[in-house]
Protein chains: 2
Amino acid sequence: MRAEALKGHLDGLLLAALEDGPLHGYAVKEALRETTEGRIDLPTGTVYPALHRLERADLITGSWSVVGGRRRRTYELTAAGRTALSGERAGWQEFATAVTAALGARQWPATT
Amino acid sequence: MRAEALKGHLDGLLLAALEDGPLHGYAVKEALRETTEGRIDLPTGTVYPALHRLERADLITGSWSVVGGRRRRTYELTAAGRTALSGERAGWQEFATAVTAALGARQWPATT
DNA sequence: CGCTATATATAGCAATGCTACGTATGGAGG
DNA sequence: CCTCCATACGTAGCATTGCTATATATAGCG
C-alpha cells in the first residue's frame with residue numbers, strides 16, 4: 001500500500017475503530033490491522049499523534065488506566081465524534097465513487 | 001469533497017484521463033470534471049505541476065502546438081505510463097477495499 | 001472595451017502521515 | 001539471569017503532496 005494514499009482518510013478509520021466500544025491506542029492500531037487483513041498497519045508514530053489530534057478536536061475522549069503493569073490511554077467516541085464519523089463515511093462514499101469513475105475501474109472490490 | 005482526500009491518488013486519475021487518447025492539460029482537467037460529475041474539479045495549480053511531474057517521470061510525453069491562437073501542450077501515455085496506470089488501479093482497489101472494510105461502510109457506491 | 005473561457009505557469013504554503021528515536025513493563029526462552 | 005519480543009506510549013523533524021494566489025496571453029461575446 002502506497003504510504004501517501006492514506007492521507008486525509010486516517011481520522012475516519014480511527015473513529016470507525018472506536019465505534020463498537022472504547023479501545024486504547026495500541027488496540028486501535030491492532031483492530032485496524034485486523035479488519036483490513038494487514039493492509040493498513042499503521043506505525044505508532046502515526047497512530048498516537050492522530051489520536052491526540054482527535055482528542056483535542058473533541059471527537060474522542062481518553063482516560064488513563066494501568067492494566068498488567070502497563071499504562072494505557074483508552075479512548076471513546078464523543079457525540080461529535082459519531083457525527084464526524086458519519087460525515088467521514090459519506091465523504092468516503094463520494095470520494096470513492098468519483099475516483100472509481102475517473103479511474104475507469106468499473107469493478108468494485110469484493111465486499112468480503 | 002475534502003481537499004486532502006485526493007492526496008496520493010492524483011497521478012492515477014491523470015493517467016486514466018489520458019488512456020483513451022492524447023489530451024492537453026486543460027482538457028485533462030475538464031475530462032476529470034466531467035467523468036466525476038463535478039466532484040473532482042482540480043485547480044490549475046494542481047493539474048499543471050502534476051503533469052510536469054508525470055512527464056519528468058516519463059509516464060507521459062508532451063508536445064506543444066497552437067490551436068486557435070492558443071498554445072497547448074498535449075500529453076500522451078508512454079508505455080511506462082500504461083504500466084503505472086494499471087498499478088494505480090490495482091493499488092486503488094486494494095486501498096478502497098481496506099478503507100471500506102475499516103470504515104465498516106458495507107455498501108459500495110452505485111456504479112452510476 | 002471589459003468580461004469570461006481557454007490555456008499555461010510558478011512560488012510559497014498548509015496539512016498530513018512517516019521515520020527514527022526514546023521510555024517503560026511483562027513474559028518467554030535460552 | 002538475561003536477552004528478546006510484544007505491549008504501550010510519546011515526540012521532533014522530515015518529505016510529500018496538493019492548494020492558494022498570482023501572473024501571462026489569446027479569442028470571442030455583449
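Atoms considered below: every heavy atom in the structure, side chains included; atoms not considered: hydrogens, waters and symmetry mates. Source: prediction; values computed, not measured.
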TODO: Give a yes/no on whether any side-chain N or O of A:His52 is located under 4.0 angstrom from OP1 or OP2 of D:dC9.
DONE: no
Open item on the list: With a 4.0 Å cutoff (strictly under), does any side-chain N or O of A:Tyr48 reach OP1 or OP2 of D:dC9?
Closed with: yes
Task: Comparing A:Leu42 and B:Trp64 on DNA chain C - which has the more 5′ nearest nucleotide - done: B:Trp64
Below 3.5 Å is the cut-off: list the nitrogen or oxygen pairs between protein and nucleotides 13-17 of chain D, distance only.
from	atom 1	to	atom 2	distance (Å)
D:dT16	O2	A:Lys7	NZ	3.4
D:dT17	OP1	A:Glu4	OE2	3.2
D:dT17	O2	B:Lys7	NZ	2.5

Rounded to whole Å, how long is the line connecting atom [atom1] of [X] with atom [atom2] of [N]?
{"X": "A:Leu23", "N": "D:dC9", "atom1": "CG", "atom2": "P", "result": "11 Å"}
{"X": "B:Arg73", "N": "C:dA9", "atom1": "CZ", "atom2": "P", "result": "7 Å"}
{"X": "A:Glu34", "N": "D:dT7", "atom1": "CD", "atom2": "C1'", "result": "14 Å"}
{"X": "A:Glu30", "N": "D:dT7", "atom1": "CD", "atom2": "C1'", "result": "9 Å"}
{"X": "A:Arg56", "N": "D:dT11", "atom1": "CZ", "atom2": "C1'", "result": "12 Å"}
{"X": "A:Arg72", "N": "C:dG26", "atom1": "CZ", "atom2": "C1'", "result": "12 Å"}
{"X": "A:Leu51", "N": "D:dG10", "atom1": "CG", "atom2": "P", "result": "8 Å"}
{"X": "A:Leu14", "N": "C:dT16", "atom1": "CG", "atom2": "P", "result": "13 Å"}

Taking the side chain as everything from C-beta on, heavy atoms only, tell me whether [X] gets closer than 4.5 Å to [Y].
{"X": "A:Asp11", "Y": "A:Leu59", "result": "no"}
{"X": "B:Leu103", "Y": "A:Leu13", "result": "yes"}
{"X": "A:Asp41", "Y": "A:Thr36", "result": "no"}
{"X": "B:Leu42", "Y": "B:Leu10", "result": "yes"}
{"X": "A:Leu54", "Y": "A:Leu18", "result": "no"}
{"X": "A:Tyr75", "Y": "A:Val28", "result": "no"}

- [ ] Sorted by first residue and then second, give each ring pair (Phe, Tyr, Trp, His ring centres under 6.0 Å) pair with at least one member in residues 26-64 of chain A; sequence neighbours left out.
- [x] none
TODO: Please tell me which of the listed nucleotides, D:dA6, C:dT8, C:dT19, lies nearest to the side chain of A:Tyr26?
DONE: D:dA6
Open item on the list: Heavy atoms only, 4.0 Å cut-off, all strands: where does A:Gly45 land among base, sugar-phosphate and nothing?
Closed with: base
- [ ] Report yes or no: is there a donor-acceptor pair, N or O only, under 3.5 Å between the side chain of B:Thr44 and the base of C:dA9?
- [x] yes
Task: Under 3.5 Å donor-acceptor, A:Ser86 side chain and A:Arg82 backbone - done: no
- [ ] Please work out which of the three classes, parallel, tilted or perpendicular, describes the rings of A:Trp92 and A:His9, given edges at 30° and 60°.
- [x] perpendicular
N/O contacts under 3.5 Å, protein versus nucleotides 27-30 of chain D?
from	atom 1	to	atom 2	distance (Å)
D:dA27	O4'	B:Arg70	NH2	3.1

